[in-house]
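The block underneath contains the structure these notes are about, expressed in structure tokens.
The figures here come from the full heavy-atom set of this structure, side chains too, leaving out hydrogens, waters and symmetry mates.
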Amino acid sequence: MAHRVLVVEDEEDIAFPLVRTLEREGYDVSWVDSGQRALDSLATSPEVVILDLGLPDIDGLEVCRRAREAGFEGAIMIVTARAGELDRVVGLDYGADDYLAKPFGLAELQARVRALLRRTSSSSAAAEDAKPDGLRIDVDARRVYAGEEEVPLTGKEFEVLNILAANRDKVVSRGRLMADVWDENWYGSTKTLDVTIGRLRQKLESVGVTDRVVAVRGVGFRLEGGTPDA
């Protein structure tokens, strides 16, 4: 069965070559030209979303955030003319898996799509085969394992989890998490923390981890349950 790819791009002269190239590779490709149509199209369960940021109705970062909050687990690759480091970091924090700056070569885009598909296929297989187990955190390697299976986390997800694990069964305040993970120079919304926590929960649950990230209303978060593997 062909892999499903959703292209979200409002400029036809960019979208059409992308769609034709991906279709020649054998993918089942859909194209939409707005953020709302992209969110609506997630019901078709695309495996990869190629997402432009400069959409006419909803900014691509917001589309990415809403998709993750709604539980979308496919890969999201941001494609944009915003090549600055801050935009790249924010995009990844909002739940993107990869970031490709315009202009780009079609061969590079194809290679990145293949890499994302390999990654998501491996994660899905691990989730199906994994048995409930505790966490093992390799701080030096910045890797997290459920039993013998690695849990693929972004940098921010790892940092949040590492702090919670170091204070297992204790509440860590929202303020401390924001200060330690995003530092004192972060001026964005604290909703970024909620989005990161939401993705972290989904990833832990998907591989059967028995540890839970619990929200303590008005205070912060606590990691509880399971047995840590030192």
Side-chain contact test, heavy atoms from C-beta onward, threshold under 4.5 Å: evaluate it for Leu39 versus Val63 and give yes or no. yes
With sequence neighbours left out, the residues meeting side-chain contact (heavy atoms from CB on, under 4.5 Å) with Ala215 are Arg201, Phe221
Start with the C-alpha gap between Asp57 and Arg37, add the side-chain angles, then the distance that decides, and say whether salt bridge (charged side-chain N to carboxylate O under 4.0 Å, His left out) holds. CA-CA 10 Å; Asp57 57 341; Arg37 288 174 182 165; over 6 Å; no
Which heavy atom in Asp59 sits nearest to a heavy atom in Leu61, and how many Å separate them? OD2-N, 2.9 Å
Heavy-atom pair with the smallest gap, counting every atom of Gly60 and Leu55: CA-CD1, 4.3 Å
Do Phe16 and Leu100 land in one hydrophobic cluster if side-chain heavy atoms of ILVMFWY residues count as linked below 4.5 Å? yes
Apply the test salt bridge (charged side-chain N to carboxylate O under 4.0 Å, His left out) to residues Arg68 and Asp97: give CA-CA distance (whole Å), side-chain angles for both, the deciding distance (0.1 Å), then the verdict. CA-CA 11 Å; Arg68 292 308 189 198; Asp97 297 279; 2.7 Å; yes
Would Leu53 and Tyr99 count as a side-chain contact (heavy atoms from CB on, under 4.5 Å) if you check the C-alpha gap in whole Å, the side-chain angles of each, and the deciding distance to 0.1 Å? CA-CA 11 Å; Leu53 292 189; Tyr99 198 111; 4.0 Å; yes
Is the shortest heavy-atom distance from the side chain of Gln36 to the side chain of Ile58 under 4.5 Å? yes
Given side-chain contact (heavy atoms from CB on, under 4.5 Å), test Leu223 with Asp169 step by step and report yes or no. CA-CA 6 Å; Leu223 182 68; Asp169 295 323; over 6 Å; no
Could you give me the CA-CA distance, side-chain angles and deciding distance for Asp98 and Arg112, then say whether salt bridge (charged side-chain N to carboxylate O under 4.0 Å, His left out) is met? CA-CA 8 Å; Asp98 200 359; Arg112 293 200 183 204; 3.0 Å; yes
Using side-chain contact (heavy atoms from CB on, under 4.5 Å), reason through Ile14 and Val79 one step at a time and then give a plain yes or no. CA-CA 11 Å; Ile14 296 176; Val79 177; over 6 Å; no
According to a 4.5 Å side-chain heavy-atom criterion applied to Ile, Leu, Val, Met, Phe, Trp and Tyr, with indirect links allowed, do Val181 and Val214 form part of one hydrophobic cluster? no
Check: Asp33 and Glu9 side chains under 4.5 Å, non-hydrogen atoms: no
With sequence neighbours excluded, what pairs up with Glu157 under the salt bridge (Lys or Arg N to Asp or Glu O under 4.0 Å) test? Arg199, Lys203
Taking C-beta and beyond as the side chain, do Leu164 and Asp211 meet within less than 4.5 Å on heavy atoms? no
Can you tell which of Val8, Leu116, Val113, Leu6 makes a side-chain contact (heavy atoms from CB on, under 4.5 Å) with Ile50? Val113
Can you confirm whether Leu135 sits close enough to Leu161 that some side-chain heavy atom of one is under 4.5 Å from a side-chain heavy atom of the other? yes
Determine whether Arg176 and Asn167 make a side-chain contact, defined as any pair of heavy atoms from C-beta on separated by less than 4.5 Å. yes
Aromatic rings Tyr27 and His3: how do their planes relate, parallel, tilted or perpendicular, breaks at 30° and 60°? tilted
Any side-chain heavy-atom pair from Leu106 and Leu18 closer than 4.5 angstrom? yes
Side chain proximity check, Val144 to Phe158, heavy atoms < 4.5 angstrom: yes
Distance in Å, Lys156 NZ paired with Leu200 CG, rounded so as to fall on 0.5 Å steps: 14.0 Å
Which pair of heavy atoms, one from Asp10 and one from Gly54, lies closest together, and at what distance? OD1-O, 3.5 Å
Arg136, Arg143, Arg142 screened by salt bridge (Lys or Arg N to Asp or Glu O under 4.0 Å) with Glu150, the one that passes: Arg143
Hydrophobic clusters here meaning ILVMFWY residues chained together by side-chain heavy-atom distances under 4.5 Å, can you tell me if Val139 and Val151 are in one? yes
Identify the two heavy atoms, one from Ile137 and one from Ala165, that lie closest to each other, and give their separation to 0.1 Å. CD1-CB, 3.5 Å
Quick one, Glu25 with Arg20, criterion salt bridge (charged side-chain N to carboxylate O under 4.0 Å, His left out). Give me CA distance, side-chain angles, the key distance, then yes/no. CA-CA 9 Å; Glu25 285 284 299; Arg20 286 197 299 268; over 6 Å; no
Any side-chain to backbone donor/acceptor pair from Arg4 onto Val48? Under 3.5 Å, distance only. no
For Leu22 and Leu109: C-alpha separation, side-chain torsions, deciding distance, then whether side-chain contact (heavy atoms from CB on, under 4.5 Å) applies. CA-CA 9 Å; Leu22 293 168; Leu109 180 130; 4.1 Å; yes
Rounded to the nearest 0.5 Å, what's the gap from CG on Asp194 to OG1 on Thr192? Could you check? 8.5 Å
Are Leu193 and Val213 joined in one hydrophobic group, where the rule is that I, L, V, M, F, W and Y side chains link up if heavy atoms are under 4.5 Å apart? yes
Of the non-hydrogen atoms in Ala96 and Cys64, which two are nearest, and what is the gap between them? N-SG, 3.5 Å
How close do Ser41 and Thr44 get, counting heavy atoms only, and between which atoms? O-OG1, 2.6 Å
